J.: 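Here it is, the structure, as structure tokens.
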Amino acid sequence: MASLNHIGIAVQNLPELKRLFSLLGLETGHIEPVPDQGVVTHFLPLPVVQGHLELLEVTDPAGTVAKFLAKRGPGIHHLSFLLGRGELDGLTERLKAEGYRLIYDQARPGAHQMRINFIHPASASGILIEIMEPAH
Ligand code: CMX
């Protein structure tokens, strides 16, 4: 079975995105130029967890994912970060105070009995970021 090693994110404003990931507790580890590919790679180690790829099958033609497909075509829709229980509301308030745009005023229920919210891609360098915590 193949294991997920990393997700490559094309960035235009590196300090801006590093600042956001730092608020989520993720700091840069290894930095390595790869001249052959025309980039410098910045790796932010992720805690090892049992993760998932989530395939989003549309059921609501007027929903956000249907709209995404119509506008941008198929592909990666969001990154989802798991927090410890009781951490979501505090982080949400901190992000708002730092000027980030959250999608919901209050966390909503998500799959796997999670409380979820999202950072709007307009304030996350073009990436839709889900933050979530176990509801129970
Ligand atoms: N990733 C990156 N950019 C995205 C995006 C995504 N997933 N979805 C939309 N965008 C872009 C749009 O293309 C648009 O770009 P431009 O301004 O360059 O045209 C920009 O974000 C702003 O879009 P918007 O008009 O404010 O909002 P949309 O109606 O396109 O909706 C969003 C975007 C993020 C507000 C909406 O998708 C949302 O509310 N998402 C949260 C809920 C969600 O995504 N649920 C599905 C997953 C559920 C699950 O996993 O359980």
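Not measured: the values here are computed from a predicted model. In each ligand, atom 1 is the first atom listed, and ligand 1 is the first ligand listed.
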J.: Any donor-acceptor pair under 3.5 Å linking the side-chain atoms of H52 with those of E54?
T.: no
J.: Just jot down the ligand 1 atoms closer than 4.0 angstrom to any heavy atom of I103, in number order.
T.: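 By the 4.0 Å cutoff, the relevant atoms are 34 (C), 35 (C), 39 (O).
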J.: Distance under 4.0 Å to a non-hydrogen atom of E54: what atoms of ligand 1 satisfy this?
T.: 49 (C), 50 (O), 51 (O)
J.: Atoms of ligand 1 less than 4.0 Å from K71 heavy atoms?
T.: 12 (C), 13 (O), 14 (C), 15 (O), 16 (P), 19 (O)
J.: Output yes when the distance from some N or O of ligand 1 to some N or O of Y104 is under 3.5 Å, and no in every other case.
T.: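 For ligand 1, there is no N or O atom that lies under 3.5 Å from one belonging to Y104.
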J.: Check L88 against R115 and note the closest heavy-atom contact, atom names and distance.
T.: CD2-O, 3.4 Å
J.: Between I116 and ligand 1, which residue portion shows a heavy-atom distance shorter than 4.0 Å: side chain, backbone, both, or neither?
T.: neither
J.: When rounded to the nearest 0.5 angstrom, what distance separates CD1 in I127 from NE2 in H120?
T.: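 Interatomic distance, I127 CD1 to H120 NE2, rounded to 0.5 Å: 13.5 Å.
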J.: For atom 13 (O) of ligand 1, which of the options M132, K67, R72 provides the nearest non-hydrogen atom?
T.: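 Ranked by closest heavy atom to atom 13 (O) of ligand 1, first place is R72.
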J.: Please check if a non-hydrogen protein atom sits closer than 4.0 Å to atom 17 (O) of ligand 1.
T.: no
J.: Strictly less than 4.0 Å: does any protein heavy-atom distance to atom 31 (O) of ligand 1 fall in that range?
T.: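 Within 4.0 Å of atom 31 (O) of ligand 1, no protein heavy atoms are found.
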J.: Using a strict 4.0 Å cut-off to heavy atoms of H78, name the atoms of ligand 1 that fall inside it.
T.: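 Numbered from 1, ligand 1 contributes 47 (C), 50 (O).
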J.: Starting from atom 5 (C) of ligand 1, find the nearest protein heavy-atom neighbour and note its residue, name and distance.
T.: F68 CD1, 3.8 Å
J.: If we only consider heavy atoms of G126, is any one of them less than 4.0 Å away from an atom in ligand 1?
T.: yes
J.: State which residue, out of I116, L82, I103, fulfils the side-chain contact (heavy atoms from CB on, under 4.5 Å) condition with E130.
T.: I116
